[in-house]
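Please read all numbers here as calculations on a predicted model, not as lab measurements.
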Amino acid sequence: MSEVETLARGILERKLRPLAKGITLIESKNPEHNQAANQLLEKILPHTGNSVRIGISGVPGVGKSTFIEAFGKHLTSQGHRVAVLAVDPTSQITGGSILGDKTRMEELARDENAFIRPSPAGATLGGVARKTRETMLLCEAAGYDVILIETVGVGQSEITVASMVDFFMLLQLANAGDELQGIKKGVMEIADAIIINKAEGSNRLRAEVAAQQYVNALHILRPKSPNWQVPVKLCSAMYKEGISEIWEMVCDYRQKLTNSGEFDEKRRKQSVDWFWTLLMDDLKDMFLSNRNVESMFESVREAVEKGVLPPAAASKRLLELFKRH
């Protein structure tokens, strides 16, 4: 039996070590590992797609890790198996990542029905690891029926995560002042629910006021789906209040979109979009690793930087070099 077959069998048998090794294989930049990872994905693909994929985003300080731990513990108490894929910010200076999600979610990390995998975001657009999608498939094959993907909450990361999940949850805070200043229209348009966290104690009234402001703002936006009105929910992850209602909301969403056929259509569209993304990435890698292009790339780039060569002419010059291969 080959190593890939052994890994696939171990993953399907719900063993943690093969799952972790499979994810490491997927994240590797070694060309040989990439080939093995593709073989592994082909073997486990028939056993995927049976989970609810939930994206969770929010500004730093909103309490994403606390919320995910409370939400995850509620789900495991209901008999679900939960995988948390947390993408850590990568330093643009050192290239390093903290990868501290297991530290921030100690209780969930000890739960035998939960699996937490922090991954460095690397240079991928929006801070979302490119391999998160493949990792999600391995977790599904290993029997995890709820996948939680936490974003770093900056830039385009929300858009990227929304393109790979069934349900996108935006966590917000109720602070003093104009709550609507914290609303980014682009993020609001992709959210399937807005959750106002830390709605406890003296902050409860402010949270209720903020909730009404978000409800008013949502009425202005065009509905994302004809089958779903985006709700605004209050919760306190620290005190585990409102958590069960949020899961009921996700189940209601899935039921409504499944009945209308929109759920399956959304997944099919995501698969095609994923195909195009990977194809463009592979074409870019193929182009830049071309021997002719590689030998001239720096000199052409410097010519553009110094204003000697127009960007359009530089692009065409490199494309001509690529065609000669």
Side-chain angles (χ1 to χ4, degrees), residues 1-55 68 72 75-76 79-88 90 95-97 99-103 105-106 108-124 128-150 161 164-166 267-268 270-275 277-279 281-282 285-286 289:
M1 185 181 296
S2 69
E3 182 181 356
V4 170
E5 290 173 332
T6 301
L7 272 182
R9 174 174 291 186
I11 290 169
L12 295 176
E13 291 175 352
R14 302 187 174 187
K15 295 178 180 177
L16 283 180
R17 188 173 179 82
L19 176 59
K21 287 181 69 176
I23 295 173
T24 300
L25 190 68
I26 278 173
E27 292 177 345
S28 174
K29 294 181 180 179
N30 184 308
E32 291 183 5
H33 291 171
N34 290 343
Q35 185 176 358
N38 288 334
Q39 292 173 357
L40 177 61
L41 286 167
E42 286 181 17
K43 288 186 178 297
I44 60 94
L45 196 59
H47 306 277
T48 64
N50 299 314
S51 76
V52 180
R53 304 165 180 174
I54 303 172
I68 290 171
L75 291 172
T76 58
H80 295 283
R81 301 184 76 236
V82 180
V84 180
L85 308 181
V87 183
D88 267 6
T90 295
S97 297
L99 300 177
D101 288 279
K102 286 194 174 183
T103 304
M105 305 178 198
E106 287 185 18
L108 188 60
R110 292 195 296 268
D111 194 316
E112 62 179 14
N113 288 314
F115 175 75
I116 301 175
R117 179 71 180 204
S119 300
T124 310
V128 180
R130 178 191 170 187
K131 302 300 185 181
T132 301
R133 292 178 186 263
E134 284 92 343
T135 300
M136 180 172 64
L137 293 179
L138 291 190
C139 290
E140 288 179 345
Y144 292 95
D145 62 327
V146 181
I147 312 291
L148 306 179
I149 302 179
E150 177 191 4
V161 166
M164 68 175 80
V165 298
D166 303 315
R267 285 225 175 157
R268 285 193 291 270
Q270 286 179 346
S271 294
V272 174
D273 290 345
W274 181 5
F275 157 72
T277 299
L278 294 180
L279 180 60
D281 285 348
D282 289 343
D285 291 341
M286 186 187 302
S289 61

Kindly determine whether Val82 and Asp111 satisfy side-chain contact (heavy atoms from CB on, under 4.5 Å), including the steps that lead there.
CA-CA 10 Å; Val82 180; Asp111 194 316; over 6 Å; no
Would one find more than 12 heavy atoms of other residues, nucleotides or ligands at under 6.0 Å from atom [atom1] of [X]?
X      : atom1 : value
Arg9   : CZ    : no
Glu5   : CD    : yes
Arg268 : CZ    : yes
Glu3   : CD    : no

Where the side chain of Arg81 meets the backbone of Ala142, is there a donor-acceptor pair that is under 3.5 Å apart?
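Here the side-chain-to-backbone pair exists.
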If every non-hydrogen atom of [X] is compared with every non-hydrogen atom of [Y], which pair is closest and at what distance?
X      : Y      : answer
Cys139 : Leu85  : SG-CD2, 4.1 Å
Gly55  : Val161 : CA-CG1, 3.7 Å
Lys43  : His47  : O-CD2, 4.0 Å
Ile68  : Leu148 : CG2-CD1, 4.0 Å
Thr76  : Asn113 : CG2-O, 3.7 Å
Arg267 : Ser51  : NH2-O, 2.7 Å

Got a second to check how far [X]'s [atom1] is from [Y]'s [atom2], nearest 0.5 Å?
X      : Y      : atom1 : atom2 : result
Glu140 : Leu45  : CD    : CG    : 9.5 Å
Ile54  : Leu75  : CD1   : CG    : 7.0 Å
Lys29  : Asp285 : NZ    : CG    : 10.0 Å
Leu16  : Glu112 : CG    : CD    : 10.0 Å
Lys131 : Glu27  : NZ    : CD    : 9.5 Å

Which residue is it: Leu138, Ile44, Leu25, Leu19? I am looking for the one with a side chain to side chain contact (heavy atoms under 4.5 Å, CB included) to Leu7.
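Answer to the side chain to side chain contact (heavy atoms under 4.5 Å, CB included) test with Leu7 among Leu138, Ile44, Leu25, Leu19: Leu25.
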Would Arg117 and Thr132 count as having a side-chain donor-acceptor pair, cut-off 3.5 Å?
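There is no such pair (donor and acceptor under 3.5 Å, judged by atom type) between the side chains of Arg117 and Thr132.
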Taking the side chain as C-beta and beyond, is there a heavy-atom pair between Arg53 and Ile149 under 4.5 Å?
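A side-chain contact under 4.5 Å is absent here.
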Residues Leu278, Glu134; criterion side-chain contact (heavy atoms from CB on, under 4.5 Å); working and verdict:
CA-CA 11 Å; Leu278 294 180; Glu134 284 92 343; 4.1 Å; yes
Is there a side-chain contact (heavy atoms from CB on, under 4.5 Å) between Leu41 and Ile26 once you walk through the steps?
CA-CA 9 Å; Leu41 286 167; Ile26 278 173; 4.0 Å; yes
